[in-house]
Amino acid sequence: MDFTVEDISRMLRTTGSTVEQWIANMGLPAAEIKGERRCRSEDLRRWLTAHKITVPAELLAAAHREPAPLPTFCSALERGGIYHHLAGRDKRAALAEAVERLPLPDTLSAELLLRRLLEREEMASTGVGDGIAIPHPRDPLPQLTAPLAALCFLDRPLEFAAVDGLPVYALFVMASP
């Protein structure tokens, strides 16, 4: 379970600005999700314990609740789809064509997703070998409400700087909120 800054300040009977200072200056692990800072319950419990701050009963109870089921790859693929005959002649063109085919929400532009995929490719190739690449943004995309995956088959294999040196013919494009 994730807790917002507001949740944490309420549980610990402190101010939101104090929690923000803990995040900024004292290493309280937090991620920005949909414009809101959140801390995982396990990270918060560990941080409080390490800083000798009493762990509230509400936080301990949260650790014993059943976690929400994680989305499956199959459900992400059902949302994203399977596409044949991508004609891109290089990595950029193939990724651009794949992104254009995806059913993206109105809040996420194809240009932004393509830019994020290309930024990730600059870090290291997502070509995993055997003709397969798994392009994905490095960071979550809060514009999505659920994970998205698409399987895209290329008309002809492309150089993708894959780990085994083989050209890529199939892309599993993935993105997550």
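FYI, the numbering just counts along the sequence from 1.
The nearest pair of heavy atoms linking Pro135 to Leu117 is C-CD2, 3.8 Å. When all heavy atoms of Leu12 and Ile53 are compared, the pair lying nearest together is CD2-CG2, 4.5 Å. The two atoms that bring Ala162 and Val168 nearest to each other are CB-CG2, 4.5 Å, heavy atoms only.
Other residues, nucleotides and ligands contribute only 12 or fewer heavy atoms inside 6.0 Å of the CZ atom of Arg89. For Glu119, the CD atom is densely surrounded, since the number of other residues' heavy atoms within 6.0 Å is greater than 12. Asp130 CG: 12 or fewer foreign heavy atoms inside a 6.0 Å radius.
A distance-only check finds no donor-acceptor pair linking the side chain of Arg37 to the backbone of Glu20 [under 3.5 Å]. Side-chain N or O atoms of Ser9 include none that pairs as donor or acceptor with a backbone N or O of Thr15 at under 3.5 Å. Using modelled atom types, no side-chain atom of Ser75 and backbone atom of Pro71 make a donor-acceptor pair closer than 3.5 Å. Side chain of Glu42 to main chain of Leu44: no donor-acceptor pair is present (N/O by atom type, distance under 3.5 Å, no hydrogens or angles). For Arg120 (side chain) and Ala124 (main-chain N/O), a donor-acceptor pair under 3.5 Å exists by modelled atom type.
Using a 4.5 Å cut-off on side-chain heavy atoms (C-beta onward), Met123 and Arg138 make contact. No side-chain heavy atom of Glu159 sits under 4.5 Å from any side-chain heavy atom of Pro167. A heavy-atom distance below 4.5 Å is not found between the side chains of Asp139 and Pro137. Counting only heavy atoms from C-beta outward, the side chains of Leu59 and Leu48 approach each other to under 4.5 Å. Counting heavy atoms from C-beta on, the side chains of Leu28 and Cys39 come closer than 4.5 Å.
Atom CZ of Arg13 is separated from atom OG1 of Thr54 by 11.0 Å, given to the nearest 0.5 angstrom. To the nearest 0.5 Å, the span separating CG on Leu86 from CG on Leu171 amounts to 7.0 Å. The CG atom of Leu154 sits 8.0 Å away from the SG atom of Cys152 when rounded to the nearest 0.5 Å. One finds the CG atom of Leu113 at 9.0 Å from the CZ atom of Arg116 (value rounded to the nearest 0.5 Å). We find the CZ-CG distance between Arg79 and Leu144 to be 9.5 Å, quoted to the nearest 0.5 Å. In this structure, Phe3 CZ and Arg10 CZ are separated by 8.0 Å, a value rounded to the nearest 0.5 Å.
Residues meeting the ring pair (Phe, Tyr, Trp, His ring centres under 6.0 Å) test with Trp47, sequence neighbours left out: Trp22, His51.
Linking ILVMFWY residues whenever their side-chain heavy atoms come closer than 4.5 Å, directly or via other members, places Val5 and Met11 in the same cluster.
Salt-bridge check for Lys91 with Glu121: passed, with a basic side-chain N closer than 4.0 Å to an acidic carboxylate O. Here Glu36 pairs with Arg38 in a salt bridge; the nearest charged N to carboxylate O distance falls below 4.0 Å.
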*Go through the steps to decide whether His136 and Thr126 satisfy the test side chain to side chain contact (heavy atoms under 4.5 Å, CB included), and finish with yes or no.*
CA-CA 8 Å; His136 59 282; Thr126 58; 3.8 Å; yes
_Pair Thr49-Arg46, side chain to side chain contact (heavy atoms under 4.5 Å, CB included): steps then yes or no_ = CA-CA 5 Å; Thr49 302; Arg46 285 186 182 141; 5.8 Å; no
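In the hydrophobic clustering (ILVMFWY side chains linked at under 4.5 Å, chained through shared members), Ile134 is joined by Phe73, Leu77, Ile82, Val128, Ile132, Leu151, Phe153, Phe172, Met174.
A side chain to side chain contact (heavy atoms under 4.5 Å, CB included) with Ile8 holds for exactly one of Thr18, Ile23, Val19; it is Val19.
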Extract all donor-acceptor atom pairs below 3.5 Å that involve side chains of residues 95-108 and protein atoms in other chains or at least two apart in sequence.
| residue | atom | partner | partner atom | Å |
| --- | --- | --- | --- | --- |
| Glu97 | OE1 | Ala87 | N | 2.9 |
| Glu97 | OE1 | Gly88 | N | 3.2 |
| Glu97 | OE2 | Ala87 | N | 3.4 |
| Glu97 | OE2 | Arg101 | NH2 | 2.8 |
| Arg101 | NH1 | His84 | O | 2.8 |
| Arg101 | NH2 | His85 | O | 3.4 |
| Thr107 | OG1 | Gln143 | O | 3.2 |

